[in-house]
S.K.: 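Let me begin by handing over the structure; questions about it come next.
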Amino acid sequence: MNETLSHRDQLELVTLGESMALLHAADSRGLEYASTVQKSFGGAESNVAIGLSRLGHRAAWMSLLGDDPYGHYVAKAIRGEGVDISRVNHIAGSPTGIMLRESVGGRSSVYYYRKHSAASTMRPDMLDTSFIQSARMLHVTGITCALNDNCATTVEAAVRIAKDAGRKVSFDPNLRLKLWSIEEARARLLPLAHECDYFLPGLDELKLLYNSDDERHIFKQLATMPAVCIVKGGIEQGRGVNYVVRGSQVDEVPYQPVEHVLDTVGAGDAFCAGVLSGLLRGYEPVEAVQLGNVSGAMVVQAVGDWEALPTWKQVQASLANSIHIER
């Protein structure tokens with residue numbers, strides 16, 4: 001593994017997308033009957049930026065938030081995690097999006113209130129071209145594309161800016177069928193996947209995007225992509241694996257063993273942050289996925305969207321099988 005890491009004054013990754021205030025029912029009675037809720041925030045792109053910051057990278061998040069209490073809370077919290085939010089603007093008259101979450105009977109449900117949110121007004125002309133070009137990598141997700149056509153064209157414009165400057169582009173489709181139909185998703189996401197350098201879908205997402213349960217067919221489609229495809233959620237010989245697909249070459253990377261799973265929310269973003277950290281450090285893709293597996297495994301053992309994202313020191317300790325002694 002090449003452990004060379006850029007200086008902290010160089011922007012390594014920039015991402016853009018919506019982050020929302022998160023209200024979670026404080027007990028198992030659900031939102032209808034819970035007497036209190038807990039406040040946090042969440043968003044796939046800002047989660048990844050926080051994850052990378054904790055792993056020792058300089059990361060930036062671009063977005064729009066409402067000029068309201070939740071918007072200022074989200075911005076301050078993300079900035080407090082060391083993420084550059086200099087390209088985040090607060091929009092008067094447009095609210096910060098809100099999501100509600102409950103866990104009832106062991107099943108988690110999420111309800112979105114993001115229509116007409118500040119982030120949904122993103123347009124290509126809001127992008128700071130030189131800022132995107134100053135980063136080594138751009139990371140985008142399909143969630144932003146799902147908000148509306150203007151948001152989708154903003155993502156596509158950001159990708160073109162990065163590619164024209166010779167920067168790497170990472171793309172996680174993060175398929176959200178509560179936001180759009182599978183037909184709409186296919187039309188936007190598959191062409192975008194062919195533009196990126198690193199494509200990070202789940203196997204279940206690929207089955208929907210390619211309208212097929214035939215994994216051989218799916219991997220043949222991935223083999224035509226110029227990107228390194230990192231596919232989450234496979235099963236081989238009864239064990240969980242992720243795949244690294246480069247043309248016709250497919251490498252299996254087994255999951256990191258986990259003894260106690262408390263909450264799977266945020267595991268995908270933690271995995272993504274670990275993978276991107278590895279790639280930025282010069283790791284080969286298989287080694288980067290191993291790092292992502294460790295990061296994801298650590299997050300599922302705690303509760304929260306982003307709160308349990310590990311630091312580089314914690315990841316190193318896990319990789320070294322270190323024993324933490326609590327005094």
S.K.: Within a reach of under 6.0 Å around NZ of K178, are more than 12 heavy atoms found that belong to other residues, nucleotides or ligands?
M.R.: yes

S.K.: Is there a side-chain contact between L291 and S277 (heavy atoms, below 4.5 Å)?
M.R.: yes

S.K.: Identify whether NZ of Lys or CZ of Arg in R281 sits under 6.0 Å from the centre of the six-membered ring of W312 and within 45° of that ring's axis.
M.R.: yes

S.K.: For residues K232 and P201, determine if any side-chain heavy atom of one lies less than 4.5 Å from a side-chain heavy atom of the other.
M.R.: no

S.K.: Under 4.5 Å between side-chain heavy atoms, counting indirect links through other Ile/Leu/Val/Met/Phe/Trp/Tyr residues: same cluster for L177 and L206 or not?
M.R.: yes

S.K.: Does anything in residues 141-158 form a salt bridge (Lys or Arg N to Asp or Glu O under 4.0 Å)? List the pairs, not counting sequence neighbours.
M.R.: D149-R188, E156-R188

S.K.: Please tell me whether Y111 and E102 have a donor and an acceptor in their side chains that are separated by less than 3.5 angstrom.
M.R.: yes

S.K.: Does S134 reach the main-chain N or O of F131 with its side chain, forming a donor-acceptor pair under 3.5 Å?
M.R.: yes

S.K.: Tell me, with the steps shown, if D214 and K220 meet salt bridge (charged side-chain N to carboxylate O under 4.0 Å, His left out).
M.R.: CA-CA 10 Å; D214 185 344; K220 284 181 181 179; over 6 Å; no

S.K.: If you look only at pairs with a residue in residues 117-135, which of them pass as a salt bridge (Lys or Arg N to Asp or Glu O under 4.0 Å), with sequence neighbours excluded?
M.R.: R87-D128

S.K.: Between D68 and H90, is any side-chain donor less than 3.5 angstrom from a side-chain acceptor?
M.R.: no

S.K.: Residues in salt bridge (charged side-chain N to carboxylate O under 4.0 Å, His left out) with D84, at least two apart?
M.R.: R58

S.K.: Restricting to ring-ring contact (aromatic ring centres under 6.0 Å, His included), what partner residues turn up for H217, sequence neighbours left out?
M.R.: none

S.K.: Check each of V228, V275, N242 against L200 using the side chain to side chain contact (heavy atoms under 4.5 Å, CB included) test, and report the only one that passes.
M.R.: V275

S.K.: Answer yes or no on whether R114 is positioned over the face of Y112, meaning its NZ or CZ is under 6.0 Å from the six-membered ring centre and within 45° of the axis.
M.R.: yes

S.K.: Answer yes if L23 and F41 sit in the same cluster of Ile, Leu, Val, Met, Phe, Trp and Tyr residues linked by side chain heavy atoms under 4.5 Å apart, and no otherwise.
M.R.: no

S.K.: Would you check if E12 and L52 make a side-chain contact, meaning some heavy-atom pair closer than 4.5 Å?
M.R.: no

S.K.: Less than 3.5 Å apart, any donor N or O on the side chain of S170 or H139 sitting next to an acceptor on the other?
M.R.: yes

S.K.: Do we see a donor-acceptor contact under 3.5 Å between the side chains of E18 and S120?
M.R.: no

S.K.: Under the criterion side chain to side chain contact (heavy atoms under 4.5 Å, CB included), I'd like the reasoning laid out for Q10 against R136: C-alpha separation, chi angles, the key distance, then a yes or no.
M.R.: CA-CA 9 Å; Q10 180 185 359; R136 293 174 57 196; 3.4 Å; yes

S.K.: Closer than 3.5 angstrom, by distance alone: can the side chain of W61 be matched with the main-chain N or O of G17 as a donor-acceptor pair?
M.R.: yes

S.K.: Scan for salt bridge (Lys or Arg N to Asp or Glu O under 4.0 Å) pairs involving residues 37-51, sequence neighbours excluded, and state none if there are none.
M.R.: none

S.K.: Take V88 and L64 through the test side chain to side chain contact (heavy atoms under 4.5 Å, CB included) and record every step on the way to the result.
M.R.: CA-CA 6 Å; V88 173; L64 300 177; over 6 Å; no

S.K.: Measure the acute angle between the ring planes of F219 and Y243, then classify it against the limits of 30° and 60° as parallel, tilted or perpendicular.
M.R.: perpendicular

S.K.: So, do R54 and I50 sit near enough that their side-chain heavy atoms are less than 4.5 Å apart?
M.R.: yes

S.K.: Pairs in or reaching into residues 193-211: which pass side chain to side chain donor-acceptor pair (under 3.5 Å), with residues at least two apart or in two chains?
M.R.: K163-D197

S.K.: Take a 6.0 Å sphere around CD of E32 and say whether it holds more than 12 heavy atoms from other residues, nucleotides or ligands.
M.R.: no

S.K.: Using the rule that Ile, Leu, Val, Met, Phe, Trp and Tyr join whenever any side-chain heavy atoms are under 4.5 Å apart, tell me whether V155 and L209 fall into a single cluster.
M.R.: yes

S.K.: Are M122 and I98 connected, step by step, through hydrophobic side chains (Ile, Leu, Val, Met, Phe, Trp, Tyr) whose heavy atoms are closer than 4.5 Å?
M.R.: no

